[in-house]
Number of protein chains: 2
Amino acid sequence: MTETTLTELLGYQLVQVCKAHRNKAESLLSEIGLHAGQEVVLHYLWHEDGRTQSNLVDELCVQPATVTKSLDRLESAGLVRRRADAEDRRVSRVYLTDAGRSLHRQIGNIWLEVEAASFGVLTAEEQETIRRLLQKVLKNLKQ
Amino acid sequence: MTETTLTELLGYQLVQVCKAHRNKAESLLSEIGLHAGQEVVLHYLWHEDGRTQSNLVDELCVQPATVTKSLDRLESAGLVRRRADAEDRRVSRVYLTDAGRSLHRQIGNIWLEVEAASFGVLTAEEQETIRRLLQKVLKNLKQ
DNA sequence: GCCGTTTAGTTAGCCAACTAAGTAAATTTT
DNA sequence: AAAATTTACTTAGTTGGCTAACTAAACGGC
């Protein structure tokens, strides 16, 4: 039989796992008023404050419009602030507010909890294996 | 240093891979006028036509509201049709139209192409390994 | 029969992601 | 210097996903 059974494909498994992973993250992040994805923006700002939106676009691997909307909400929530660049007036730089900075530790803990709830069941060796395989797949998909 | 570096977490790798996988699927599906996710609904109907929406909710692991909206669009696109169940008037059954049925083969080919573009780089043994590990993670996340 | 509960879907509204089209500023070309 | 192009970001509109609140029908106990 040549019928393609979707549920047997690795891509289907991947999507299932990713959905469950996102739900777990979403559920924990909602406790501090965030949505999955927003914490990644904050992460890059903790690592380097005052990034340009273009830089966030590159780091997050999403479209400019996605960053614009996401920042609109983070700004409304009082977690970041946009200021025009002094030298290039096209450029908008993004800065953390105190409220945004203060979430650092809580979000770090949430990540660790999600990581444990997902991959904690794997042995150290299995974790290294899945990391290697995921990277191989990502490289294949991105080229 | 105890700082949690997001990008080193397996969850981050997983999300990256899943995003790239979805983009690949979306790009191929758009050629036949579909969006990623809609083809999964069609898949379950090919497997068994006339399912109830509740059944689709269970199979797809999404919320009832998500199915409602998705079916609204598939119905507008002329790919499925809803008819009330004769015995239980709360129940809405979903049937493929000829147009919906006709996409079967094309979508099967797209799946195989996405699968190859993602996991084709892995050896058969590696594919079995990642399947086993993903299932382990999924089980962990779902309990 | 009647009232309360459960079940099946819908509606409204929110967020992340996308595309496409548009504005504005800087840069490059002529 | 003026025109064309590129770069940075926004706006409008789409989809997949979610929650919360809602309607309607079936089921259960009394």
Side-chain angles (χ1 to χ4, degrees), chain A residues 15-16 18-42 50-77 79-80 82-94, chain B residues 15-16 18-42 50-77 79-80 82-94:
Chain A
V15 171
Q16 296 279 96
C18 202
K19 200 182 285 184
H21 180 270
R22 188 187 182 86
N23 287 346
K24 180 72 184 172
E26 184 81 42
S27 131
L28 293 179
L29 286 169
S30 71
E31 292 172 12
I32 55 171
L34 289 184
H35 292 272
Q38 299 185 323
E39 91 283 10
V40 186
V41 178
L42 296 177
R51 288 176 187 261
T52 66
Q53 295 193 198
S54 302
N55 177 260
L56 288 173
V57 164
D58 293 341
E59 297 284 16
L60 299 167
C61 299
V62 296
Q63 296 301 307
T66 301
V67 167
T68 293
K69 278 194 176 179
S70 183
L71 289 178
D72 286 349
R73 290 172 200 127
L74 287 171
E75 204 165 22
S76 299
L79 302 178
V80 306
R82 279 186 267 211
R83 296 192 59 180
D85 185 271
E87 295 184 353
D88 187 335
R89 289 169 53 193
R90 293 171 305 181
V91 172
S92 158
R93 291 190 175 274
V94 186
Chain B
V15 171
Q16 295 281 96
C18 202
K19 200 181 286 186
H21 180 270
R22 188 187 182 86
N23 287 345
K24 180 72 184 175
E26 183 82 42
S27 130
L28 293 179
L29 286 168
S30 71
E31 291 173 13
I32 56 172
L34 289 183
H35 292 270
Q38 299 185 322
E39 90 283 10
V40 185
V41 178
L42 296 177
R51 289 175 187 262
T52 65
Q53 295 193 198
S54 303
N55 177 262
L56 288 173
V57 164
D58 294 340
E59 296 285 16
L60 300 168
C61 299
V62 296
Q63 296 301 309
T66 301
V67 167
T68 293
K69 277 192 179 180
S70 183
L71 289 177
D72 285 349
R73 291 172 196 126
L74 286 171
E75 204 165 21
S76 299
L79 301 178
V80 306
R82 278 187 268 213
R83 296 191 59 178
D85 185 90
E87 296 185 352
D88 188 336
R89 288 168 55 193
R90 295 171 303 180
V91 172
S92 157
R93 290 190 175 275
V94 187

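Remember, predicted model here, so these are calculated numbers, not experimental data. First the proteins, then the strands, lettered A, B, ... as listed; each starts at 1.
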Contact interval (first through last nucleotide) of DNA chain C with protein chain A, 4.0 Å heavy-atom: C/dC15 to C/dA26

What is the nucleic acid contact for A/Ser92, judged by heavy atoms within less than 4.0 Å: base, sugar-phosphate only, or nothing? sugar-phosphate

Rounding to the nearest 10°, end axes of the helix from C/dG1-D/dC30 to C/dT30-D/dA1 built from five pairs each make an angle of 10°

Electrostatic pair A/Arg93-A/Asp88, nearest N-O below 4.0 angstrom: no

Search all heavy atoms of B/Ser27 against all heavy atoms of B/Ser30 and return the closest pair with its distance. O-OG, 2.9 Å

Which distance, rounded to the nearest 0.5 Å, do you find between the OG1 of A/Thr66 and the CG of A/Leu60? 9.5 Å

Backbone N or O of B/Gly37 within a donor-acceptor pair of the B/Glu39 side chain at under 3.5 Å? yes

Taking the side chain as every heavy atom from C-beta outward, state whether A/Arg82 and A/Leu74 have any pair of such atoms under 4.5 Å apart. no

What nucleic acid atoms does B/Arg93 come within less than 4.0 Å of, heavy atoms only: base, sugar-phosphate, or nothing? nothing

Indicate, with a heavy-atom threshold strictly under 4.0 Å, whether B/Gln38 touches base, sugar-phosphate, or nothing. sugar-phosphate

Less than 4.5 Å apart, side chain to side chain, heavy atoms only: is that true for B/Val40 and B/Glu59? no

How about A/Leu42 and A/Val80: do any of their side-chain heavy atoms sit closer than 4.5 Å? yes

When the nearest nucleotide of DNA chain D is assigned to A/Lys19 and to A/Val67 on a heavy-atom basis, which residue is associated with the more 5' position? A/Val67

DNA chain C contacts among residues 50-63 of chain B, heavy-atom distance under 4.0 Å: B/Thr52, B/Gln53, B/Ser54

Nearest atoms (heavy-atom pairs only) where B/Ser92 meets B/Gln53: OG-OE1, 3.1 Å

Which heavy-atom pair separates A/Gly33 from A/Gln38 by the least distance, and what is that distance? O-OE1, 4.4 Å

First and last nucleotide of DNA chain D, 5' to 3', lying under 4.0 Å from heavy atoms of chain B: D/dT15 to D/dA26

Looking at CG of B/Leu79 and CG of B/Leu71, how far apart are the two atoms once the value is rounded to the nearest 0.5 Å? 11.0 Å

Contact list for DNA chain D against residues 28-36 of chain B - heavy-atom distance below 4.0 Å: B/His35, B/Ala36

Shortest non-hydrogen pair, B/Val15 vs A/Cys18, comes out as CA-SG, 4.3 Å

Please list, chain by chain and in numerical order, all residues satisfying salt bridge (charged side-chain N to carboxylate O under 4.0 Å, His left out) with A/Asp58, sequence neighbours excluded. none

How far apart are the closest heavy atoms of B/Cys61 and A/Gln16, and which atoms are they? SG-NE2, 4.4 Å

Can you find a heavy atom in the side chain of A/Asp85 that is under 4.5 Å from one in the side chain of A/Thr52? no

